[in-house]
Amino acid sequence: MQAFLELSQFYHLFTLTQKRTGLKRILTVIFSFIYSLSFASTYYVASSGNNNNPGTINLPFQTINHGVSRLKAGDTLYVRSGTYSEAVSIAGIDGADENPTVIMAYSDEFPIIDGTGVSISSGGALVVIWSRNTQFIGFEIRNSSQSGIVSLGVNNIISRCRIHDCSGAAIGLGGDYGVAEYCEAYNICMHNENGVSESWGSGISARRHPVGCVIRHCVVHDVWGEGISTFEATQTTIEDNIIYDIYSVALYVSDATDCLVQRNLVYTTKEMSDGSQVGIGLWDELYTPASANNTVINNIV
């Protein structure tokens, strides 16, 4: 704390005497970053914990939602191995570009969020991220009666998650500059298993007017809908993914502009009922907007 006070005094003196506004601006950014780090907190959740605990590693919280409710911008929440039967909502804790809020699995552990018996509203998801600059890392998401994970905030990252056995989509990116990376999705869109529905979703999708989303290094298979898609979106990048055994279109671009699709591997090993099983599809279902300036390069189908 003494070091922090000395830095604060130095910054105050500097702002009074410094005439070079460019250098002053740089120092302001550095000072703000150090300030945010000085007050960031770390909490822990374990299935054997108690929500009356202080959330330390030795006295963790019991539920992820309670841990999330304690977070401020820039804090970190570690979740220990175990099964958590809860619908998780992450809201009101917007991190900064240089200091995001992090909810992640504890080192070398793989917590499970299980939707069995959990009530989720129609069109919802087992995990919904409303906040900005949030990172969600290292979870298994399973048995959702709707979608697995939906991100509606800006600059959010979903990384190293395994999502499976969901009635709807695995991951939906609906906010600008969202990222889904190093995830695996399978047994997705199960409401359409064996082609029983006239409508279906996607395994992983950037959708409903986001800008600049990225889907990369994911493995998506056994989906009763599209595999990876972007629609009603702009500047989506879909790269370095593996997509196989998909009921409909494995890699689908519709009503989208200025998108890049590159270095993806698409293949089929089994029949998926009577689905179309197209490798890469470029469509305009609604012309909202009409697709334009999309690049599809260096893929293997």
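- Linking ILVMFWY side-chain heavy atoms closer than 4.5 Å, directly or via other members, places V128 and V118 in two distinct hydrophobic clusters.
- Pairing each heavy atom of A206 with each of C213, the nearest pair is CB-CB, 3.8 Å.
- Taking both residues in full, the closest heavy atoms of S254 and D284 are given as OG-CA, 3.8 Å, listed atom of the first, atom of the second, then distance.
- Considering only heavy atoms from C-beta on, L282 stays 4.5 Å or farther from N294 through its side chain.
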Worked check of side-chain contact (heavy atoms from CB on, under 4.5 Å) between M104 and Y78: CA-CA 5 Å; M104 67 181 298; Y78 287 111; 3.7 Å; yes
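- With hydrogens and angles disregarded, no donor-acceptor distance shorter than 3.5 Å links the side chain of S147 to the backbone of A125.
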N155 vs D97, side-chain contact (heavy atoms from CB on, under 4.5 Å): CA-CA, chis, key distance, verdict: CA-CA 8 Å; N155 291 332; D97 290 348; 3.4 Å; yes
Criterion side-chain contact (heavy atoms from CB on, under 4.5 Å) on N187 and R142, from CA distance to verdict: CA-CA 10 Å; N187 292 349; R142 70 187 188 192; over 6 Å; no
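- Of all heavy-atom pairs between I113 and V127, the closest is CD1-CG2, 3.9 Å.
- Defined by atom type and a distance below 3.5 Å, a donor-acceptor pair is present between the side-chain atoms of D245 and T269.
- How far OG of S291 is from CG of D258: 10.5 Å, rounded to the nearest 0.5 Å.
- Rounding to the nearest 0.5 angstrom, the gap separating the OG atom in S167 from the CG atom in N143 is 11.0 Å.
- Rounded to the nearest 0.5 angstrom, I188 CD1 and D165 CG are separated by 7.0 Å.
- With 3.5 Å as the limit, one finds a donor-acceptor pair spanning the side chains of T257 and T234.
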side-chain contact (heavy atoms from CB on, under 4.5 Å) between Y84 and T63, intermediate numbers included: CA-CA 7 Å; Y84 301 86; T63 64; 5.7 Å; no
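- Residues L173 and I158 have side chains in contact (heavy-atom distance under 4.5 Å, counting atoms from C-beta outward).
- Judged by distance alone, with hydrogens and angles left aside, the side-chain atoms of N241 form a donor-acceptor pair with the main-chain N or O of C218 at under 3.5 Å.
- The aromatic rings of Y182 and H217 lie parallel to each other, their planes meeting at an angle below 30°, with 60° marking the opposite boundary.
- T237 has its side chain out of reach of R216: every pair of non-hydrogen atoms, C-beta onward, lies at least 4.5 Å apart.
- Under the 4.5 Å side-chain heavy-atom criterion for grouping Ile, Leu, Val, Met, Phe, Trp and Tyr, I120 is connected to F139 within one hydrophobic cluster.
- Between the side chain of E232 and the backbone N or O of R207, no donor-acceptor pair lies under 3.5 Å.
- With hydrophobic clusters built from ILVMFWY side chains whose heavy atoms lie under 4.5 angstrom apart, I204 does not share a cluster with W283.
- Ring geometry for Y244 versus H221: interplanar angle under 30°, hence parallel rather than tilted (30 to 60°).
- Residues S47 and S81 share a closest heavy-atom pair of OG-O, 4.0 Å.
- Salt-bridge annotation for D240 and R263: present, with a side-chain N of the basic residue lying under 4.0 Å from a carboxylate O of the acidic one.
- Annotation: the span from I215 atom CD1 to I238 atom CD1 amounts to 5.0 Å, rounded to 0.5 Å.
- Rounded to the nearest 0.5 Å, atoms CG (N58) and CG (N53) are 10.0 Å apart.
- A side-chain donor-acceptor contact under 3.5 Å links D114 and T116.
- Looking at heavy atoms from C-beta onward, D75 lies in side-chain contact with Y43 at the 4.5 angstrom threshold.
- Under 3.5 Å, the side chains of S205 and S229 contain a donor-acceptor pair of N or O atoms.
- Under a 3.5 Å cut-off, the side chain of D94 and the backbone N or O of R132 do form a donor-acceptor pair.
- Using a 4.5 Å cut-off between side-chain heavy atoms of Ile, Leu, Val, Met, Phe, Trp and Tyr, with links allowed through other members, W130 and V150 fall into the same hydrophobic cluster.
- Side chain of S131 to main chain of I93: a donor-acceptor pair is present (N/O by atom type, distance under 3.5 Å, no hydrogens or angles).
- A 4.5 Å side-chain heavy-atom check between V45 and R70 finds every atom pair outside the cut-off.
- Between the side chain of N156 and the backbone N or O of N133, at least one donor-acceptor pair lies under 3.5 Å.
- Looking at S273 and N194, their side chains never bring a donor and an acceptor atom within 3.5 Å of each other.
- No donor-acceptor distance shorter than 3.5 angstrom exists from the side chain of E181 to the backbone of I157, with no hydrogens or angles considered.
- Under the 3.5 Å distance criterion, the side-chain polar atoms of D176 are left unmatched by any main-chain donor or acceptor of G212.
- Under a hydrophobic-cluster definition in which Ile, Leu, Val, Met, Phe, Trp and Tyr are linked whenever side-chain heavy atoms come within less than 4.5 Å, directly or via other members, I171 and V179 are assigned to different clusters.
- Contact check for H164 versus E184: no side-chain heavy atoms found under the 4.5 Å cut-off.
- Here the straight-line distance linking atom SG of C161 with atom CD1 of I141 works out to 6.0 Å at 0.5 Å rounding.
- Across all non-hydrogen atoms, the minimal contact from K72 to T101 is O-OG1, 3.9 Å.
- Inspection of the Y247 and D274 side chains reveals an N or O donor paired with an N or O acceptor under 3.5 Å.
- Contact annotation: the side chain of W200 never approaches that of W224 to less than 4.5 Å [non-hydrogen atoms, C-beta and beyond].
- Considering only heavy atoms from C-beta on, I57 comes within 4.5 Å of Y106 through its side chain.
- Here the side chain of D255 pairs a donor or acceptor atom with the backbone of E285 at under 3.5 angstrom.
- For the residue pair I90 and V68, the shortest heavy atom distance occurs at CA-CG1, 4.1 Å.
- Between the side chain of Q135 and the backbone N or O of P100 there is no donor-acceptor pair closer than 3.5 Å.
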